[in-house]
Number of protein chains: 2
Amino acid sequence: MELDERKKTILKLIIATYLETGEPVGSRTISKFNDLNLSSATIRNEMADLEELGYIVQPHTSAGRIPTDKGYRFYVDNLMEEKEDAEVEKSTLLERVDRMELLLKQVAKVLAYNTNYATLVTAPKYKKTVKFIQLSKVDDETLLAVIVVEGNLIKNQIIPIDTILDNEDVLKFNILLNTFLQGASLEDINLEMINAMKKQSGEYSIILDQIFQGIIEAVNEANELEIYTSGATNILKYPEIGDIIKTSELLEKFEDKEELTHLIEETTGNKDDNHDIQVYIGEENAVQNMEDCSIVTATYKMPEGATGTIGIVGPKRMDYKKVVSTLKNLTIELDDIFNKRKGVNEDG
Amino acid sequence: MELDERKKTILKLIIATYLETGEPVGSRTISKFNDLNLSSATIRNEMADLEELGYIVQPHTSAGRIPTDKGYRFYVDNLMEEKEDAEVEKSTLLERVDRMELLLKQVAKVLAYNTNYATLVTAPKYKKTVKFIQLSKVDDETLLAVIVVEGNLIKNQIIPIDTILDNEDVLKFNILLNTFLQGASLEDINLEMINAMKKQSGEYSIILDQIFQGIIEAVNEANELEIYTSGATNILKYPEIGDIIKTSELLEKFEDKEELTHLIEETTGNKDDNHDIQVYIGEENAVQNMEDCSIVTATYKMPEGATGTIGIVGPKRMDYKKVVSTLKNLTIELDDIFNKRKGVNEDG
DNA sequence: GTTAGCACTCGAAAGATTTGAGTGCTAATA
DNA sequence: TATTAGCACTCAAATCTTTCGAGTGCTAAC
């Protein structure tokens, strides 16, 4: 059996109504849409068909119908018209901020505010290159390494040292570090490279160990998938997750960066569709405890080709239209910011 | 009417039992403690007295008794023996970490792990002095200011500039900045000081504006009361807060740094008692929506006399003994760390 | 002062009843 | 052949009822 036009219309009405009300939708409700002009009995017959096809189910006999994951999927892919972009006010959303980190935090916040769902944003994952590296002497036992990578992501690393260095020594180290590291991508900085540097430097090799140790730590940290979240408490407002335990598990998951990294890596695997928006509905999520959630993510692009993800986690019954259009607008805005001004900072 | 010894004993047993079980405590339960040797009828009479005095109440007729805020207060002040310190393993709790920020985050985590409550930790609030300040040129339009203050708290600030500076200029600025700022307390850095610097420098005054702007921002940021939290989701596990809405409001409060600052400032006002442990029970909290919570805080001291707060937020029915002793141990450990090694970093 | 005994209270749990939205089926209709 | 009116049926949710038992307060006796 195929979905004819009328079935599609009815399915769309059912899902749209359910998204609005949250109540199972009965045949009478649908029959009342006057552009349809069908009796409830006819709707019932169609509904029975749609149920057989797996698009809707009854939570129990003698209740209305609610969409299945398959139903949602069909709705998202084929039935939903997206909201007109017009209504989302642009450019007021994001204030100018200088640092990638702050910008992304703000994106998460804005998104949470606009959608009322839990949101998460990842920093672009790409071959970040070292833009600037500097070793400074804070006091006799302490060095400070500052590493700025493309995108103005800054990492600090305190490096405790045994030997007292004078300023000239530090200067030498700085020259050495910059010679080797400036412009290098973070992935390039590994033991091999470091051994090369050691050879070249000859003396100081004991101290060098400590310095490299610190720098590698900083680089690793900078290389981790950074995730910013906002609006986690919105999870408590999903009415469908009646179970407090489940809710709390979800919340904990949302507090745990590692879990989130996993989640994001799962979801960004397959990108196929329009404008890099991906929707994962219920069981489509490979992550545990997320069966009652939908995840919608969008991908933004850096001029260098690197990409990052912004996304929301909400209940399956969510306003997909709005979420998709909000995400789309935000990514466009982000793309703009990154592409207009190569680098994030520029004053208005 | 005064509390005689027997009444005290009975009150203590009631509260201890209630803390354990969470159920209202009946007269029979108490009469079974065999070191008491009293019938339930006698206990009932005593209970009636204790109720009249306001230490306990019945949630409803024909239920057992539960402690009032006044009851808890008396328990905490007079009846509770603290747990022996012995059982808390020391020194394994905190790994060595170099930066204040990381250390405090870890304290929050450890505390949450040990108590299963929501925890919060503030950075010491004191006249932080600038240990080290450095301006670097990242690229033609961007300077980076790095400020390290006592306690190895690091602030970075990106400063966009219009004019292209060469390295020599930057060096000059650095000398200027360090001459004025090194050793200065953050509070000292204000417009006045900056004007003095401007005068001294003469030329470059346009650029100086931008630089100072950035530095003041960084200083202000460093000067805010920094709060680290952990285990916020534990709030969901307080069984007594049946109301999901209240819980969610609490959680939101816990996500909101400003609210927390407010909370902390409220609670650290009056310090009176033993070892700087403060307990705020129920209505004693000046903060809204916290009537069903107790807050226990402890104060740790830096060698310079600065103090910070570590604390937990939990339900009124909490294991005060355990919380107090855990807090006590952690503060002692923190005090140790700060006082043994002046500054945080030192390798084992 | 303490206690045994007893009537009483009231929340929680379990069961019974009512209500109404919604269904599926059938037979009539266009 | 597709649509519809009509009707019996179902079942969750809300409401009321009953039962149960833990716990109380009071009184009279020790």
Side-chain angles (χ1 to χ4, degrees), chain A residues 1-11 13-15 17-18 20-68 71 239-240 242-243, chain B residues 1-11 13-15 17-18 20-68 71 239-240 242-243:
Chain A
M1 187 158 26
E2 254 301 289
L3 283 190
D4 56 33
E5 273 316 304
R6 195 171 72 178
K7 282 197 174 53
K8 282 184 193 169
T9 313
I10 291 172
L11 180 58
L13 285 174
I14 292 171
I15 296 183
T17 309
Y18 179 68
E20 230 177 86
T21 64
E23 302 283 304
V25 182
S27 55
R28 259 198 100 229
T29 313
I30 298 299
S31 76
K32 274 185 204 139
F33 285 93
N34 45 7
D35 40 355
L36 219 52
N37 271 327
L38 289 173
S39 78
S40 61
T42 312
I43 304 293
R44 275 202 288 286
N45 291 331
E46 295 288 45
M47 276 176 159
D49 290 350
L50 284 169
E51 178 153 14
E52 202 181 331
L53 289 166
Y55 292 102
I56 51 181
V57 276
Q58 292 180 279
H60 54 86
T61 340
S62 87
R65 306 306 214 282
I66 61 175
T68 59
E240 19 280 292
D243 198 347
Chain B
M1 187 160 24
E2 254 303 289
L3 283 190
D4 55 35
E5 272 315 305
R6 196 171 73 179
K7 282 197 173 55
K8 282 185 192 168
T9 313
I10 290 172
L11 179 58
L13 285 173
I14 291 172
I15 296 184
T17 309
Y18 179 68
E20 228 176 89
T21 65
E23 302 283 304
V25 182
S27 54
R28 258 198 101 231
T29 314
I30 298 299
S31 76
K32 274 185 204 140
F33 284 93
N34 45 7
D35 40 356
L36 219 53
N37 271 325
L38 291 173
S39 77
S40 62
T42 313
I43 304 292
R44 275 202 289 285
N45 291 330
E46 295 287 46
M47 277 176 157
D49 289 350
L50 284 169
E51 178 154 16
E52 202 180 329
L53 290 166
Y55 292 102
I56 52 181
V57 276
Q58 290 181 279
H60 55 86
T61 339
S62 88
R65 305 308 213 281
I66 60 174
T68 59
E240 19 280 292
D243 198 347

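Just so it is clear: chains get the letters A, B, ... in the order the sequence lines come, proteins before strands, and each one is counted from 1. Being a predicted model, the structure only gives us computed values, none of them experimental.
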### Query
What's the closest nucleotide to the B:Met47 side chain, out of D:dT24, D:dA5, C:dT3?
D:dT24
### Message
Given C:dA21, D:dG25, D:dT4, identify the nucleotide with an atom nearest to the side chain of A:Ser62.
### Response
C:dA21
### Query
Counting just side-chain N and O atoms, does B:Thr42 come under 4.0 Å of either OP1 or OP2 of C:dT2?
no
### Message
Rounded to whole Å, please give me the gap between CD1 in B:Ile30 and P in D:dA22.
### Response
16 Å
### Query
Within this structure, what is the CG-to-C1' distance between B:Asn45 and C:dT2, rounded to whole angstrom?
9 Å
### Summary
A:Arg65 has its side chain closest, among C:dG24, D:dA12, D:dG25, to C:dG24
### Query
For the atom pair CZ (B:Arg28) and CD1 (B:Ile30), what is the distance rounded to the nearest 0.5 Å?
12.5 Å
### Toward the 5' end of DNA chain C, by each residue's nearest nucleotide, A:Gln58 or B:Ala41
B:Ala41
### Query
Are side-chain heavy atoms of B:Ile14 and B:Met47 found at a separation under 4.5 Å?
yes
### Query
Of all the choices, D:dC11, C:dA4, C:dC10, which nucleotide is nearest to the side chain of B:His60 once you look at every atom?
C:dC10
### Task
Just call it for B:Thr61: base, sugar-phosphate, or nothing, with non-hydrogen atoms closer than 4.0 Å on any strand.
sugar-phosphate
### Message
Once you apply a heavy-atom cut-off of 4.0 Å, does B:Ser40 come out as touching a base, just sugar-phosphate, or nothing?
### Response
nothing
### Task
Please report, rounded to the nearest Å, how far the P atom of D:dA2 is from the CG atom of A:Asn37.
19 Å
### Message
In whole Å, I'd like the distance from the CD1 atom of A:Ile43 to the P atom of D:dT3.
### Response
10 Å
### Message
Taking side chain to side chain contact (heavy atoms under 4.5 Å, CB included) as the criterion, tell me which of A:Leu38, A:Ile43, A:Ile10 meets it with A:Ser27.
### Response
A:Ile43
#### Entry: Residue pair A:Leu3, A:Tyr55: steps toward the side chain to side chain contact (heavy atoms under 4.5 Å, CB included) verdict
CA-CA 10 Å; A:Leu3 283 190; A:Tyr55 292 102; 3.7 Å; yes
### Message
I want to verify a distance call: between C:dA21, C:dG24, D:dT24, whose nearest atom is closest to the A:Ala48 side chain?
### Response
C:dG24
### Query
B:Ile66 has an atom CD1; how far is it from atom P of D:dT24, in whole Å?
13 Å
### Query
B:Arg28 has an atom CZ; how far is it from atom C1' of D:dT24, in whole Å?
14 Å
#### Entry: Candidate nucleotides C:dC10, C:dT3, D:dC11, ranked by approach to the side chain of B:Leu38 - the nearest
C:dT3
### Task
Examine distances only and state if a side-chain atom of A:Glu46 and a backbone atom of A:Lys7 form a donor-acceptor pair shorter than 3.5 Å.
no
## Note on the structure
Here the distance between atom C1' of C:dT2 and atom NZ of B:Lys7, to the nearest Å, is 14 Å
### Message
I want to verify a distance call: between D:dC11, C:dT23, D:dA22, whose nearest atom is closest to the A:Arg44 side chain?
### Response
C:dT23
### Message
What is the distance, to the nearest angstrom, from the CZ atom on A:Arg6 to the P atom on D:dA2?
### Response
9 Å
